[in-house]
Amino acid sequence: PGPATHLAFAVQPGTAVAGTTVTPAIQVVVLDGYGNIVTTSNANVSVAITAGTGATGATLGGSISQVASSGIATFNTLSIDKVAGNYTLTASAAGLSGAVSGAFAVSPGVATKLAFGAHPSTTSAGAMIAPAVQVLVQDALGNTVTTATPSVTLAIISGTGAAGAALAGTATQQAVSGVATFGNLSVAKSGTGYGLSATAGGLAGVSSNPFNINVGPAARLVFAAQPSDVVAGAAIVPAVQVVVQDAQSNTVTSATTSIALAITSGTGTTGATLGGTLTQAAVNGLATFANLTIDKAGSGYTLAATATSLTSGTSST
């Protein structure tokens, strides 16, 4: 052979599994200007992922530099950690023209764990969590296993959010191409610091980032402290209280609504009068009526609470 001038791939990289050794071993040869192997060469040959190919941030593992023996550098420990379909490798050595391999793919390994692709986000009580929550089925290196189709189940993590809260919607979904999508989830109880857990048989589970469920818009009135039996003309004790709630029964603590009370039509004794301060502004969503009286004896009284644009509430008898 003539003097060494350039490199060439004698054994091209084949399709590989993420994180495992590329087989067969890749070989780069040192050639003269006529394509003959320069068997006397002991050039130090290095390989790298060709810029712009494969997955962004992928790492070529193993011994990426080898000294040629009889003009052949053999790379038998190479691996790539990220899945993609269009990798090439570039071989280089000082004083020689480099070479680029043929294109090859790296496929995901065996499914081992779950990961949130789209975490739950803060939303209002009873409203669907948007965008849809997504859970990925991944191999040990964090690649999505597109052939995986397990059933994935979500649940509120015990001790997070509001006590007794339930996750509404379809909480179990089968993964499609390694992705389980949950498009109709909601939580009725307002609270902070909720978390969701994702589980699937045989795979390591995962917990979501924390999120909040905010109180929805004011929708209705509810008696928080009911009127009790009382002597005619005496103040009803304890004080009657009316709370402003959203549609999911959460107290709207920002509400300062003006709430009015009256004897419900057709209850109690005809002609009876409700005395005291009958209109109160809510404070932190709660209106307190501390001096109510009724002048006529009777049974079966109820009180009605009303406020503009809100559904009225009726007390117990």
Side-chain angles (χ1 to χ4, degrees), residues 122-130 156 160-171 184-194 211-317:
T122 294
T123 189
S124 296
M128 283 193 295
I129 297 173
I156 295 173
T160 68
L167 183 65
T170 308
N184 64 349
L185 300 180
S186 64
V187 179
K189 288 194 173 186
S190 63
T192 59
Y194 277 98
F211 65 102
N212 300 332
I213 297 296
N214 297 328
V215 177
R220 64 185 184 184
L221 301 176
V222 173
F223 279 83
Q226 299 283 351
S228 56
D229 294 347
V230 67
V231 174
I236 298 174
V237 291
V240 174
Q241 291 185 317
V242 177
V243 66
V244 182
Q245 293 185 341
D246 66 11
Q248 306 298 325
S249 301
N250 299 293
T251 299
V252 183
T253 56
S254 60
T256 57
T257 310
S258 182
I259 300 171
L261 293 187
I263 297 171
T264 305
S265 178
T267 69
T269 300
T270 302
T273 299
L274 181 64
T277 305
L278 306 185
T279 300
Q280 295 282 3
V283 177
N284 296 326
L286 184 69
T288 301
F289 299 82
N291 61 351
L292 300 180
T293 63
I294 295 180
D295 60 345
K296 292 186 181 296
S299 60
Y301 280 99
T302 65
L303 300 183
T306 58
T308 303
S309 301
L310 301 182
T311 300
S312 301
T314 301
S315 75
S316 57
T317 57

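The heavy-atom pair separating Thr267 from Gly300 by the smallest distance is CB-O, 3.2 Å. Looking at every heavy atom in both residues, Ala239 comes nearest to Ala290 through CB-CA, 3.7 Å. Ala188 and Ala125 make their closest contact through O-CB, 3.2 Å (heavy atoms, listed as atom of the first residue, atom of the second, distance). Ser258 approaches Ala307 most closely through the heavy-atom pair O-CB, 3.5 Å. Contact record, Leu167 with Ile156: N-CD1, 3.7 Å, taken as the closest heavy-atom pair. Heavy-atom minimum distance, Ala304 versus Phe223: C-CZ, 4.4 Å.
The OG1 atom of Thr269 sits 9.0 Å away from atom CG of Asp295, with the distance rounded to the nearest 0.5 Å. Remark: Leu261 CG to Thr279 OG1 distance equals 7.5 Å, nearest 0.5 Å.
Among residues two or more places apart in sequence or in another chain, the side chain to side chain donor-acceptor pair (under 3.5 Å) test is passed with Gln241 by Thr288. With sequence neighbours excluded, the residues satisfying side chain to side chain contact (heavy atoms under 4.5 Å, CB included) with Ala127 are Thr123, Ser124. Residues satisfying the side chain to side chain donor-acceptor pair (under 3.5 Å) test with Asn184, not counting sequence neighbours, are Thr170. Every residue meeting the side chain to side chain contact (heavy atoms under 4.5 Å, CB included) condition with Ala255, not counting sequence neighbours, appears here in chain and number order: Val244, Val252, Thr257. Applying the side chain to side chain contact (heavy atoms under 4.5 Å, CB included) rule to Asn284 yields no partners; only residues at least two apart in sequence or on another chain are considered. When the side chain to side chain contact (heavy atoms under 4.5 Å, CB included) test is applied to Ala234, the partners found at least two apart in sequence or on another chain are Val230, Val231. The ring-ring contact (aromatic ring centres under 6.0 Å, His included) search around Tyr194 returns Phe211, not counting sequence neighbours. Evaluation of the side chain to side chain donor-acceptor pair (under 3.5 Å) rule for Asn291 yields Thr277 as partners, not counting sequence neighbours.
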Task: Worked verdict on Thr273 versus Ile263 for side chain to side chain contact (heavy atoms under 4.5 Å, CB included) - done: CA-CA 8 Å; Thr273 299; Ile263 297 171; 5.9 Å; no

Task: side chain to side chain contact (heavy atoms under 4.5 Å, CB included) between Phe289 and Ile236, worked out - done: CA-CA 9 Å; Phe289 299 82; Ile236 298 174; over 6 Å; no

Show me the donor-acceptor pairs within less than 3.5 Å that the side chains of residues 214-221 make with the rest of the protein, sequence neighbours left out.
unit_1	atom_1	unit_2	atom_2	d
Arg220	NE	Gln245	OE1	3.2
Arg220	NH2	Gln245	OE1	3.3
Arg220	NH2	Ser249	OG	2.2

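For residues 296-317, the side-chain hydrogen bond (donor to acceptor under 3.5 Å, both in side chains) pairs, not counting sequence neighbours, are Gln226-Ser316, Thr264-Thr302.
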